[in-house]
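Quick notes on the structure that follows.
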Amino acid sequence: MKKELLYTIPSLYRDDFRIHGYRFGQGRKALCIVGSMRGNEYQQLYTCSRLVSILKGLEADGSLSSEDEILVIPALNPGSMNIEKRFWPKDNTDINRMFPGYRLGETTQRVAAGIFNQISVYENGIQFPSFYMPGNFSSHVRIMKTGYENVEKARAFGLPYIVLKVPKPYDTTTLNYNWQIWETDAFSLYGTVTDSIDEASAQELIQSVLRFLKAYGLLKREIPAGMDSIVFTDRDLITLRPKTSGIFRCLASAGARVQKGQLLAQILDACEGEIIEEIRSSDSGILFFTHNRPLVYANTAVFKLLSSSLAAAPI
Amino acid sequence: MTGIHGDELEGQLVCFYVAKKIRENPGKLLGTVDIYPATNPLGIDSVTRGIPGFDLDMNRIFPGEPDGTLTEYVATRIIQDLVGSDLCLDIHASNIYLTEVPQIRINELFRERLVPIAQEANVDFIWVHGANTVLESTLAHSLNSLDVPALVVEMGVGMRLTPAYARQLTDGIFHLMNRLHIWKDDVENPVKKPVFSQDPDEVCYLNAPVSGIFLKKRCHGEIVRKGDEIGSILNPYTGEVLQCVAAPESGWLFTIREYPVVEEGSLLARILIRKADEL
């Protein structure tokens with residue numbers, strides 16, 4: 001493994017901004033893995049850092065392919081993470097809305113261009129991103145539906161779900177979208193949490209990456225088989241939302257199987273403590289996403305439900 | 001419309017002037033004027049540019065989705081409320097970093113319809129820019145796509161008011177209302193003839209080559225000659241001038257950096273390139 005400085009910006013008031021990469025093997029540019037891109041993506045950083053540690057061990061005992069190269073970038077935005085800020089410290093821009101970047105543009109455009117120039121040459125790209133809404137997910141692979149998406153390859157992760165995201169205009173500047181346009185097979189791996197650490201979820205995603213490595217000849221060691229992924233689009237999910245605002249008492253977890261009519265959450269009057277609304281499942285299925293904040297506004301999408309007709313699982 | 005970005009306040013004064021004039025002259029009003037001073041009310045109330053809690057740029061979620069998130073749902077309802085208008089102005093104030101001359105920005109897709117309207121708005125500059133997929137998520141693009149002519153105004157600077165600009169645009173708005181028969185005023189004041197640009201190669205961007213403190217030497221709206229010093233980037237620790245920033249071309253300085261702390265890449269200025277005999 002070689003630790004390399006991939007990009008730097010001199011700073012006046014604090015240590016220079018630096019993005020480091022960890023390069024395993026050499027030869028065919030087989031896979032690039034990007035961890036946290038925003039300052040609150042602690043789970044993404046943790047997952048990626050553990051992966052670096054595991055890959056180091058695998059490389060040391062000769063289990064990685066010697067003819068292929070894997071590049072891992074655990075933190076694309078360490079300057080924001082150090083000050084617990086989600087977006088760029090100076091102007092609050094989001095690096096994941098700047099791809100493919102512009103080397104003569106504004107700072108985060110330059111960061112995106114500087115990195116993309118180095119990672120767009122890989123055959124496969126894996127990113128550990130976070131969702132823009134606060135909440136917990138069932139683990140899944142998410143792929144932009146650009147026309148270049150490679151769903152069959154995504155099955156190699158063995159995660160329970162593959163979600164095809166129909167891109168909106170603002171998605172066209174994300175890493176996943178641009179990787180695909182530049183002919184990299186791109187996969188976004190979502191675990192349960194973002195701004196805290198969930199060991200089980202990190203392990204699940206690490207195992208899924210190792211499964212992918214094995215499937216594509218990058219790893220010589222056996223890995224336990226994964227699941228047969230269910231494929232659907234983000235528009236197939238049923239959204240449940242409260243009519244009222246208040247304290248959100250969540251009674252079900254992401255990944256749980258639920259019955260039609262099952263009580264999923266209560267909304268309490270924020271000062272008087274009385275239950276003012278109950279949210280029940282409109283169908284049988286699997287809770288794919290749950291809101292995870294103590295308070296909720298009316299009309300917030302608090303649950304995303306995968307109907308049992310799509311989940312193809314006995315309820 | 002204004003306040004879609006909670007840190008851009010120039011539109012507040014425009015709303016005030018428009019509402020005041022209508023209140024004082026109700027007999028001149030021939031149509032319906034809707035004023036939205038705070039499209040992102042939580043943002044304005046908390047000195048936050050985006051939507052608080054989500055940290056989302058509200059001007060990247062239009063036209064929204066009725067079944068989407070809370071923010072997308074709000075965007076949909078706003079669009080529903082605006083459809084059918086004869087004209088919409090979406091008033092911005094650049095951001096807290098840059099100061100701008102009063103200008104209207106138009107996506108080239110809507111140039112034919114919008115430029116003649118913009119020329120009556122009493123602004124200094126009309127800038128027709130290229131189509132960009134990301135900008136399809138803006139309020140103005142969504143409205144124009146739904147056949148509501150929508151002009152994007154940029155003027156002044158974030159977190160501040162520039163009363164002269166507010167009065168200038170207010171005059172333009174009443175001029176437009178007069179032309180649209182929403183307002184009846186027998187005395188019609190002339191409007192400014194704006195500078196017009198639709199060639200992307202005419203606009204020159206100056207980005208900071210180093211991190212430091214930017215001290216501007218020239219103001220927005222000034223004519224600059226190639227080689228003129230626009231400002232300098234300083235090191236307050238050592239007393240060194242890290243970089244003198246010179247105009248790479250002659251032209252009109254229509255944007256200048258207001259916020260002093262810069263890093264490599266920070267936008268410092270924009271110049272509309274003009275030949276010496278055009279200045």
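Only heavy atoms go into these numbers, but all of them, side chains included; no hydrogens, no water, no symmetry mates. It should be emphasised that the depicted structure is a prediction, and the values quoted were computed from it without experimental measurement. By convention in this document, chain letters (A, B, ...) are assigned in the order of the sequence lines, proteins followed by strands, and residues within each chain are numbered from 1.
- For A:Glu183, the CD atom sits in a loose shell: 12 or fewer heavy atoms of surrounding residues, nucleotides or ligands are nearer than 6.0 Å.
- With contacts defined as side-chain heavy-atom distances shorter than 4.5 Å, the pair A:Phe289/A:Asn136 does not qualify.
- Taking CD1 from A:Ile181 and CZ from A:Phe99, the interatomic distance works out to 14.5 Å, rounded to the nearest 0.5 Å.
- For the side-chain contact (heavy atoms from CB on, under 4.5 Å) test, residues two or more places apart in sequence or in another chain that qualify with B:Ala269 are B:Leu206, B:Ile230, B:Leu253, B:Ile256.
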For chain A and chain B, what donor-acceptor pairs lie under 3.5 Å, backbone included?
residue  : atom : partner  : partner atom : Å
A:Pro10  : O    : B:Ser211 : OG           : 2.8
A:Trp88  : NE1  : B:Glu263 : OE2          : 2.7
A:Lys90  : O    : B:Tyr97  : OH           : 2.5
A:Asn92  : ND2  : B:Asp55  : OD1          : 3.1
A:Gly105 : O    : B:Asn207 : ND2          : 3.4
A:Thr107 : OG1  : B:Glu264 : O            : 2.9
A:Lys168 : NZ   : B:Glu65  : OE2          : 2.7
A:Lys168 : NZ   : B:Glu72  : OE2          : 2.7
A:Tyr170 : OH   : B:Glu72  : OE2          : 3.4
A:Arg241 : NH1  : B:Gly68  : O            : 2.7
A:Arg241 : NH2  : B:Asp67  : O            : 2.7
A:Arg241 : NH2  : B:Gly68  : O            : 2.2

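- Only the side chain of B:Leu56 comes within contact range of chain A, judged by heavy atoms closer than 4.5 Å.
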query = side chain to side chain contact (heavy atoms under 4.5 Å, CB included) between B:Val74 and B:Met58: does it pass, once the steps are laid out?
reply = CA-CA 10 Å; B:Val74 169; B:Met58 192 175 190; 4.1 Å; yes

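- Residue-environment remark: OH (A:Tyr148) stays at or below the threshold of 12 foreign heavy atoms within 6.0 Å.
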